[in-house]
Amino acid sequence: MADNYDVIIIGSGPGGYIAAIRSAQLGFKTAIVEREHLAGICSNWGCIPTKALLRSAEIFHYAEHAKSYGLKLEGTITPDLRGIVDRSRGIAQRMNNGVGFLMKKNKVDVIWGEAKITKPGEIVVGKSSKKPMEPQGPIPKGTKGEGTYTAKHIVIATGARPRALPGIEPDGKLIWTYFEAMVPQEMPKSLLVMGSGAIGIEFASFYRTMGVDVTVVEIMPQIMPVEDTEISTWAKKQLEKQGMKILLETKVTKVEKGANSVTATIEGKDGKTQTITADRMISAVGVQCNTENLGLETIGVKVDRGAVVIDEFCRTNVPGIYAIGDVAGPPMLAHKAEHEAVICMEKIAGLHVHPMDKLKIPGCTYCSPQVASVGLTEAKAKEQGKDIRVGRFQFVANGKAVALGEDQGLVKTIFDKKTGQLLGAHMVGAEVTELIQGFVVAMNLETTEEELMHTIFPHPTLSETMKESVLDAYGRVLNA
Ligand SMILES: Cc1cc2nc3c(=O)[nH]c(=O)nc-3n(C[C@H](O)[C@H](O)[C@H](O)COP(=O)(O)OP(=O)(O)OC[C@H]3O[C@@H](n4cnc5c(N)ncnc54)[C@H](O)[C@@H]3O)c2cc1C
């Protein structure tokens with residue numbers, strides 16, 4: 001007899017494990033299936049371990065610049081790569097353990113293995129095609145195993161994996177994906193990063209701060225192509241000041257591997273080619289949804305451009321089957337996955353649910369300086385025919401930024417000229433990934449310029465740049 005549940009979730013990343021917790025909270029008998037690592041890519045190989053690496057880089061940078069803060073650090077400060085990587089892996093392990101604890105606490109059964117949907121309401125869990133990966137170690141105790149399981153509702157939360165360009169496939173040795181870039185055995189002297197989305201730029205920033213000669217090749221006319229052009233241009237200048245080389249409107253057409261280096265042929269917009277030789281290369285050209293071997297074709301779940309097609313409540317075209325997170329398409333972000341998880345479960349429970357508004361999903365890149373945004377870029381707002389007002393404020397005129405020694409940054413706000421509605425906010429500078437949430441709340445409440453101007457921001461904080469940017473949009477800036 002198959003074990004029977006109300007809800008089974010396939011995949012335990014931020015989408016899957018949050019869905020499992022909310023499902024249990026709503027009184028459903030819940031199980032989650034995982035084939036490789038509890039907590040998914042985000043905690044094991046994505047959001048969290050990269051931030052741990054970047055934190056080490058940041059501390060290293062401050063130590064190197066201690067003198068400018070009036071501090072004498074004697075001797076040379078050298079990064080200990082083993083120590084940096086071990087710290088990052090230890091933090092990933094802690095997150096992973098945390099999800100195991102949360103599953104127990106919420107009485108969610110963990111089923112270890114690879115799930116396939118055999119028909120609506122039924123999955124078969126087979127042996128995993130993956131080894132339980134470090135830092136997961138051995139399969140966690142108390143998990144169920146291979147077999148047939150049934151559930152009224154099946155949620156697909158299988159995430160995504162690195163995308164590879166034909167002919168430039170990562171080999172894990174010379175051409176890395178984010179997996180290898182996260183755990184370097186030794187520091188390369190030079191590094192070529194193909195792709196300047198958040199993942200590419202974060203690794204480029206980490207390695208550059210560590211003293212590596214980094215070249216970024218981006219096919220689009222700006223780095224972090226989804227960001228506002230002005231913010232992207234600002235960030236590019238700062239990264240270049242740190243010694244990063246950035247080539248725009250350029251593509252890698254061929255890579256030849258040597259004994260301990262790669263030579264990439266790159267082609268500019270004008271068709272001219274040149275070669276770059278580097279010790280290692282990171283392929284950061286996006287991710288591809290994990291939709292294979294799930295039985296989707298057999299049961300007729302629609303997939304479009306690689307992603308499972310869902311409606312605004314995460315329902316697929318097959319009743320009783322849902323999809324959330326990366327597998328359901330962009331933006332490929334952990335907080336989008338988590339939010340979809342809650343929407344999905346609450347809709348199943350029959351609660352009144354607001355559908356996902358993709359325009360209000362913030363995006364953050366944790367390079368140095370950080371970049372964060374929400375809503376429409378200036379170009380998108382204009383493309384949509386909106387009559388807009390734009391405000392700008394630079395960190396250089398903010399006391400806290402100057403005191404921190406972080407006076408390079410810009411906050412840009414975009415308002416609807418007629419209604420005063422905040423349409424978008426874009427930031428580059430120290431800690432902007434923490435600040436952006438203020439604008440996300442504002443947008444969610446459909447705030448206008450009036451309300452923002454009436455809001456008191458504490459002094460001295462970097463957040464004052466947000467208010468000044470709003471004031472600037474209305475010709476009332478105070479500190480510039
Ligand atoms: C280097 C890097 C940095 C990132 N940084 C950020 C960041 O700062 N902020 C942010 O928001 N996002 C970031 N992301 C993206 C973020 O990690 C993903 O958006 C997020 O993990 C998606 O969550 P998910 O639950 O959809 O899938 P995942 O986290 O990918 O989890 C899916 C899980 O499903 C399991 N699985 C797959 N198929 C099966 C099967 N058949 N049976 C059983 N289990 C299965 C997998 O093993 C995996 O554990 C980063 C990603 C990377 C790679």
Side-chain angles (χ1 to χ4, degrees), residues 8-20 31-54 88 92 95-96 99 110-117 123-133 136 143 146 149 154-163 176-183 195 197-203 206 282-284 286-296 307-308 314 323-341 344 361-367 370-372 433:
I8 290 182
I9 297 139
I10 308 175
S12 72
Y17 90 79
I18 292 292
I32 195 164
V33 193
E34 176 54 55
R35 67 178 181 188
E36 199 175 359
H37 35 44
L38 282 178
I41 288 297
C42 172
S43 291
N44 291 282
W45 295 100
C47 325
I48 304 299
T50 43
K51 301 331 165 250
L53 294 180
L54 286 159
S88 167
M95 298 295 117
N96 178 310
V99 169
V110 177
I111 305 170
W112 204 259
E114 193 145 328
K116 185 172 189 157
I117 307 171
I123 64 160
V124 168
V125 177
K127 202 170 164 5
S128 175
S129 61
K130 310 260 181 194
K131 269 200 264 159
M133 203 189 284
Q136 177 72 55
T143 56
E146 292 163 40
Y149 298 87
I154 296 173
V155 182
I156 305 165
T158 50
R161 60 183 184 280
R163 190 163 83 87
W176 292 344
T177 64
Y178 50 78
F179 290 114
E180 295 82 24
M182 199 86 71
V183 288
I199 294 176
I201 282 293
E202 285 186 9
F203 278 116
F206 166 72
I282 298 177
S283 171
V287 294
Q288 178 177 344
C289 307
N290 292 326
T291 53
E292 299 83 358
N293 307 319
L294 282 168
L296 302 186
V308 176
C314 308
I324 56 173
D326 282 6
V327 74
M332 311 303 217
L333 294 168
H335 43 279
K336 176 253 191 188
E338 291 177 4
H339 199 71
E340 281 181 339
C344 179
I361 302 175
C364 294
T365 306
Y366 299 76
C367 49
Q370 297 180 353
V371 171
T433 58

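Whatever order the structure lists them in is the order used to number ligands and atoms, beginning at 1.
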Are any of the side-chain heavy atoms of Val110 and Tyr17 separated by less than 4.5 Å? no
Close side-chain approach of His335 and Pro14, heavy atoms under 4.5 Å = no
Lining ligand 1 at under 4.0 Å, by non-hydrogen atom distance, are residues Ile10, Gly11, Ser12, Gly13, Pro14, Gly15, Gly16, Val33, Glu34, Arg35, Glu36, His37, Gly40, Ile41, Cys42, Trp45, Gly46, Cys47, Thr50, Lys51, Gly113, Glu114, Ala115, Ala157, Thr158, Gly159, Ala160, Tyr178, Ile199, Phe203, Leu294, Gly325, Asp326, Met332, Leu333, Ala334, His335, Ala337, Tyr366
Straight-line distance of [X] [atom1] to [Y] [atom2], nearest 0.5 Å:
X      : Y      : atom1 : atom2 : answer
Asn293 : Thr158 : CG    : OG1   : 10.5 Å
Leu294 : Ile154 : CG    : CD1   : 10.5 Å
Phe206 : Lys51  : CZ    : NZ    : 12.5 Å

Closest heavy-atom pair, Arg35 versus Ser129, reported as atoms and distance to 0.1 Å, is NH1-OG, 4.4 Å
